[in-house]
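The structure appears below as structure tokens.
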Amino acid sequence: MNSMKIRRTAIAVAAAALLPFSLAACSDSGSDTKAAPTAVAGDEANTGASTPAGNTMTGDKPFGPACAGVPKDGAGSFDGMAKDPVATAASNNPALSTLVAAVKQAGLVDTLNNAKDITVFAPTNGAFAKIPKADLDKVLADKEQLTKILTYHVVGQKLTPGQLENGSFETLQKGMVTTTGSGEAYKVNDSSNVVCGNVKTANANVYIVDTVLMPK
């Protein structure tokens, strides 16, 4: 009997001694388990927050002072132009009526509308108005020269604003255009300002410029 009592007492003492360590271990383990998901959730939250911010910074929308003059609705709006190939889209923008007339005169409507993934530097009516009328009339009457000038405004790839920061690109006319700038301020050939950039059409990115580009 005494032997049994002594053995039971020893087991009870040992159990009592081990219990705090077991509880502490369980407590630490539980703490680690809860902390880990919190850290992961935090990482996911940070990742989710940074992605939209990055998209906002780079942007994919039209920019520039002349964009305010683009119609808000209809075929000539940004949404409307995005649905049509570039020559058709330009014909719906009142600020590009001289360019459209020149494209028709040169017989380039189908060429531009059927091209794949191009960039067009599109001179405004005001850009053409900078050319003396006699000179402009002479160019419009010379289909070969007019074609050279118009195709010099077209690059055979879709250019993003980032590519314009310090770029040099071959045109359909086979000459080269250079671009410089950053943010929302860009120049083409150091002479023509982008006044409404990153305008999307069904087959082109359009950068509306304030000066007609002349082949070098």
Heavy-atom donor-acceptor pair, Gln145 side chain to Asp142 backbone, under 3.5 Å: no
Side-chain (Asn93) to main-chain (Ala95) donor-acceptor, under 3.5 angstrom: yes
Pairwise side-chain contact, Pro215 with Gln173, heavy-atom cut-off 4.5 Å (strictly under): yes
Within-4.5 Å side-chain heavy-atom neighbours: Ile208 and Thr124: yes
Sub-4.5 Å side-chain heavy-atom contact between Leu108 and Thr111: yes
Pair Tyr186-Asn198, side-chain donor/acceptor within less than 3.5 Å: no
Taking every non-hydrogen atom, the tightest pair across Ala115 and Asn203: O-ND2, 2.8 Å
Cluster overlap Val86 with Val109, hydrophobic side-chain contacts below 4.5 Å: yes
Steps toward salt bridge (charged side-chain N to carboxylate O under 4.0 Å, His left out) verdict (Lys83, Asp79): CA-CA 7 Å; Lys83 297 174 184 176; Asp79 287 342; over 6 Å; no
Side-chain H-bond candidate by donor/acceptor type, Asn113 with Thr88, under 3.5 Å: yes
In one Ile/Leu/Val/Met/Phe/Trp/Tyr side-chain cluster, 4.5 Å: Val206, Leu112: yes
N/O donor-acceptor pair under 3.5 Å between Lys130 side chain and Asp210 backbone: yes
Enclosure of Lys200 NZ (heavy-atom neighbours >12, cutoff 6.0 Å): yes
Note, Lys61 side chain near Phe78 side chain (heavy atom, < 4.5 Å): no
Between Asn125 and Thr98, a side-chain donor and acceptor under 3.5 Å: yes
Verify same cluster id: Val199, Leu150 (apolar side-chain graph, 4.5 Å): yes
Interatomic spacing from OG1 in Thr151 to CG in Leu172 - rounded to 0.5 Å: 6.5 Å
Shortest non-hydrogen contact from Val139 toward Leu146: O-CB, 3.6 Å
Inter-residue atom distance Ile118.CD1 - Gln157.CD, 0.5 Å rounding: 11.5 Å
Lys138, NZ atom: more than 12 neighbouring heavy atoms under 6.0 Å: no
Where Gly197 and Tyr207 come nearest, the two heavy atoms and their spacing: CA-CD2, 3.5 Å
Backbone of His153 reached by a side-chain donor or acceptor of Thr171 within 3.5 Å: no
Short side-chain to backbone donor-acceptor contact, Asn114 and Asp110, under 3.5 Å: yes
Nearest non-hydrogen partners of Thr201 and Asp84, listed with the distance: CB-O, 3.3 Å
Asn166 side-chain N/O to Thr180 backbone N/O, donor-acceptor pair under 3.5 Å: no
Leu159 backbone acceptor or donor facing Asn205 side chain under 3.5 Å: yes
Residue pair Val209 / Asn193, side-chain heavy-atom distance below 4.5 Å: no
Val212-Leu140 co-clustered via ILVMFWY side chain contacts under 4.5 Å: yes
Asp73 atom CG, over 12 foreign heavy atoms within 6.0 Å: no
Listed once per pair and sorted, the salt bridge (charged side-chain N to carboxylate O under 4.0 Å, His left out) pairs that draw on residues 173-182, sequence neighbours left out: none
Polar contact flag, side-chain donor to acceptor under 3.5 angstrom, Lys187-Ser192: no
Spatial distance of atom OG1 (Thr178) from atom CZ (Phe169) [nearest 0.5 Å]: 9.5 Å
Same apolar cluster (I L V M F W Y, side chains within < 4.5 Å links), Val154/Ile149: yes
Donor-acceptor contact present, side-chain Tyr152 to main-chain Met176, <3.5 Å: yes
Nearest atoms (heavy-atom pairs only) where Thr211 meets Ser191: OG1-O, 3.6 Å
Heavy-atom closest contact (Glu170 atom, Val155 atom, distance): O-CG1, 3.7 Å
Rounded distance (nearest 0.5 Å) linking atom OG of Ser77 with atom NZ of Lys72: 10.0 Å
